[in-house]
Amino acid sequence: MIAEELRELLNQIPFRPFIVYLASEKAYEVPHRDFANVSPRGRTMIVYRKDSDVMDILDVPLIAHVEIKEEKT
């Protein structure tokens with residue numbers, strides 16, 4: 001996963017929530033574009049937790065894959 005792909009996911013219209021998985025299999029949910037940001041150089045990604053003001057700083061090269069959440073019908 002590269003930074004530009006993450007930016008595309010964050011800027012897609014309409015936005016589709018997604019989950020970022022690290023190589024360690026730890027998961028981080030991005031329910032809305034306001035909950036995440038990729039650094040200008042693309043080395044880190046900040047993900048805010050949905051239920052608090054806590055944030056996680058992810059090392060982009062350690063991101064294994066991203067899963068787009070399915071819309072509920």
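The basis for the numbers below is simple: all heavy atoms, side chains too, and nothing from hydrogens, waters or symmetry mates.
With sequence neighbours excluded, no residue satisfies side-chain hydrogen bond (donor to acceptor under 3.5 Å, both in side chains) with K50. Legend: residues meeting ring pair (Phe, Tyr, Trp, His ring centres under 6.0 Å) with Y21, ordered by chain and number and at least two apart, are H65. In terms of the side-chain hydrogen bond (donor to acceptor under 3.5 Å, both in side chains) criterion, residue partners of D59 (sequence neighbours excluded) are, by chain and number, R43.
Residues A36 and L10 approach most closely at CB-CD2, 3.8 Å, considering heavy atoms. Shortest non-hydrogen contact noted between V38 and A3 is CG1-CB, 3.8 Å.
Checked by atom type and distance alone, the side chain of Q12 pairs as donor or acceptor with a backbone atom of R16 at under 3.5 Å.
A 6.0 Å sphere centred on OH of Y48 holds no more than 12 heavy atoms belonging to other residues, nucleotides or ligands.
Residues M45 and N37 have side chains not in contact (no heavy-atom distance under 4.5 Å, counting atoms from C-beta outward). Contact of the T44 side chain with the L58 side chain is not registered, since no non-hydrogen atoms from C-beta on lie closer than 4.5 Å. You'll find the side chain of V47 stays beyond 4.5 Å of the side chain of I57, heavy atoms only.
A salt bridge does not link E29 with R49: none of the charged nitrogens is closer than 4.0 Å to a carboxylate oxygen.
For the atom pair L62 CG and S24 OG, the distance stands at 8.0 Å (nearest 0.5 Å).
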Evaluate V30 against Y28 for side-chain contact (heavy atoms from CB on, under 4.5 Å), listing each step before the verdict. CA-CA 7 Å; V30 181; Y28 300 89; 5.7 Å; no
Take I63 and L6, measure what side-chain contact (heavy atoms from CB on, under 4.5 Å) needs, and give me the verdict at the end. CA-CA 10 Å; I63 296 174; L6 292 167; 3.8 Å; yes
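The aromatic rings of F15 and F18 sit tilted relative to each other, their planes meeting at an angle between 30° and 60°.
Tracing side-chain contacts under 4.5 Å through hydrophobic residues (I, L, V, M, F, W, Y), one never reaches I19 starting from V60; they form parts of separate clusters.
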